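Here's the structure we're looking at; comments come further down.
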Amino acid sequence: MLRAAVKLADEGGIESVTMRRLADELGAEAMSLYYHVSNKEDVLDGIADAVAREINQAVNRVDVSSGGASWKLAMRSRILTAREVLLRHPWAPGLFQTRTTTSPAIIGYYDALVGLMRSGGFSYDLAHHALHALGSRALGFSQELFDPGNGAEAGDVKEIAHDDPASTLGWCDDQTEFEFGLDLILNGLDSLRQTP
């Protein structure tokens, strides 16, 4: 059922996940879904967890040494891998933000990030502050002040040149901006850690 719900969201956005559409996708009656879940919120919690598990599977395949100064490269690789998963499910960041409970898969993801920082010389207190500094970026997305999708043509979103001093302010390449911000945070955190 959760795979079908993720498929619906991938095709039409999270608003397309209704109990009726999900039942149609599964070839069942909508009321029969309630034998498996209490309500739509259970389905949304389930698909948030499914995406989080997909992130964990992807980042667990990242093979980067994480001790000492390597913590930063390992953290960057894991976060960018998580981002790749979320780019396949563009509706997922919004869903994560609306959940009132934290999925065990998300807790496991953050636990692994704390482990990377601890092996890199972070105190628990600094790791705690680091997670706050990273915010949603730790999961591979940024909570932007403005949505470039509103009022911008799809082809216009990535038109601003970053190396042209005469360019006007406008929407920029999301990946470039994400990595720029991530590197600023990681470099700052690296300057605070104790070398083991």
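Predicted, not measured: the structure shown is a model, and the values here were computed from it.
Inter-residue side-chain proximity for E41 and T100 is flagged as unmet; no heavy-atom pair is nearer than 4.5 Å. Put simply, the side chain of M117 does not reach to within 4.5 Å of the side chain of L126, judged on heavy atoms. Using a 4.5 Å heavy-atom cutoff, the side chains of V37 and D45 are not in contact. For the pair L134/L182, a side-chain contact is recorded, criterion being any heavy-atom separation below 4.5 Å from C-beta on.
Shown here for S123 and R118, the closest heavy-atom pair between the two residues is CA-NH1, 3.5 Å. Taking every heavy atom of both residues into account, A138 and Y110 meet most closely at CB-CE2, 3.7 Å. Counting all heavy atoms, side chain and backbone alike, V59 lies closest to A82 at CG1-N, 4.0 Å. Listed here is the closest heavy atom pair of A30 and R20: CB-CA, 4.2 Å. Across A105 and N56, no two heavy atoms sit closer than the pair O-ND2, 2.9 Å. The two residues S119 and L116 come nearest to each other via the heavy atoms OG-O, 3.0 Å.
Pairs of residues two or more places apart, or lying in two chains, never qualify as ring pair (Phe, Tyr, Trp, His ring centres under 6.0 Å) while including a residue from residues 15-37. Evaluation of the salt bridge (charged side-chain N to carboxylate O under 4.0 Å, His left out) test over residues 119-129, restricted to residues two or more places apart or in two chains, returns none. Applying the ring pair (Phe, Tyr, Trp, His ring centres under 6.0 Å) definition to pairs two or more places apart or across chains, those involving residues 114-140 are W71-F122, H128-H132. For residues 80-89, the set of pairs meeting the salt bridge (charged side-chain N to carboxylate O under 4.0 Å, His left out) definition, not counting sequence neighbours, comprises E54-R88.
Among residues two or more places apart in sequence or in another chain, the salt bridge (Lys or Arg N to Asp or Glu O under 4.0 Å) test is passed with D42 by none. In this structure E29 satisfies the side-chain hydrogen bond (donor to acceptor under 3.5 Å, both in side chains) test with no other residue, sequence neighbours excluded. In terms of the side-chain hydrogen bond (donor to acceptor under 3.5 Å, both in side chains) criterion, D111 has no residue partners (sequence neighbours excluded). For R3, there are no side-chain hydrogen bond (donor to acceptor under 3.5 Å, both in side chains) partners two or more places apart in sequence or in a different chain. Residues forming a side-chain hydrogen bond (donor to acceptor under 3.5 Å, both in side chains) with S103 (at least two apart in sequence, or on another chain): D49. In this structure R76 satisfies the salt bridge (Lys or Arg N to Asp or Glu O under 4.0 Å) test together with E179, D183, sequence neighbours excluded.
L131 and F141 fall within a single hydrophobic cluster, where Ile, Leu, Val, Met, Phe, Trp and Tyr side chains are chained together by heavy-atom contacts under 4.5 Å. By the criterion of side-chain heavy atoms lying less than 4.5 angstrom apart, applied directly or through intervening Ile, Leu, Val, Met, Phe, Trp or Tyr residues, I79 is not grouped with L184; the two fall into different hydrophobic clusters.
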In residues 8-17, what donor-acceptor pairs under 3.5 Å come from side-chain atoms, sequence neighbours left out?
| from | atom 1 | to | atom 2 | distance (Å) |
| --- | --- | --- | --- | --- |
| D10 | OD1 | H89 | ND1 | 2.7 |
| D10 | OD1 | W91 | NE1 | 2.7 |
| D10 | OD2 | H89 | ND1 | 3.2 |
| E11 | OE2 | K7 | NZ | 3.2 |
| S16 | OG | L8 | O | 3.0 |
| S16 | OG | G13 | O | 2.6 |

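How far CG of L186 is from CG of L73: 10.0 Å, rounded to the nearest 0.5 Å. The distance from atom NZ of K72 to atom CD1 of I185, rounded to the nearest 0.5 Å, is 12.5 Å. Note that CG of L95 is 10.5 Å distant from CG of L86, once rounded to the nearest 0.5 Å. Atoms CZ and CG, from F178 and L80 in turn, are 6.0 Å apart once rounded to the nearest 0.5 Å. Remark: L2 CG to L22 CG distance equals 8.5 Å, nearest 0.5 Å. Summarising the geometry, atom CE belonging to M75 is positioned 5.0 Å from atom CG belonging to L113; distances are rounded to the nearest 0.5 Å.
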| message | Run the side chain to side chain contact (heavy atoms under 4.5 Å, CB included) test on I55 and T81 for me, step by step, so that the C-alpha distance in whole Å, both residues' side-chain angles and the decisive distance to 0.1 Å come before the verdict. | response | CA-CA 8 Å; I55 289 170; T81 299; over 6 Å; no
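Alongside I107, the hydrophobic cluster contains no other residue (criterion: ILVMFWY side chains under 4.5 Å).
With hydrogens and angles ignored, the 3.5 Å screen pairs no side-chain donor or acceptor of S77 with any backbone N or O of A74. Side-chain atoms of S32 never come within 3.5 Å of backbone atoms of A28 as a donor-acceptor pair (strictly under, hydrogens ignored).
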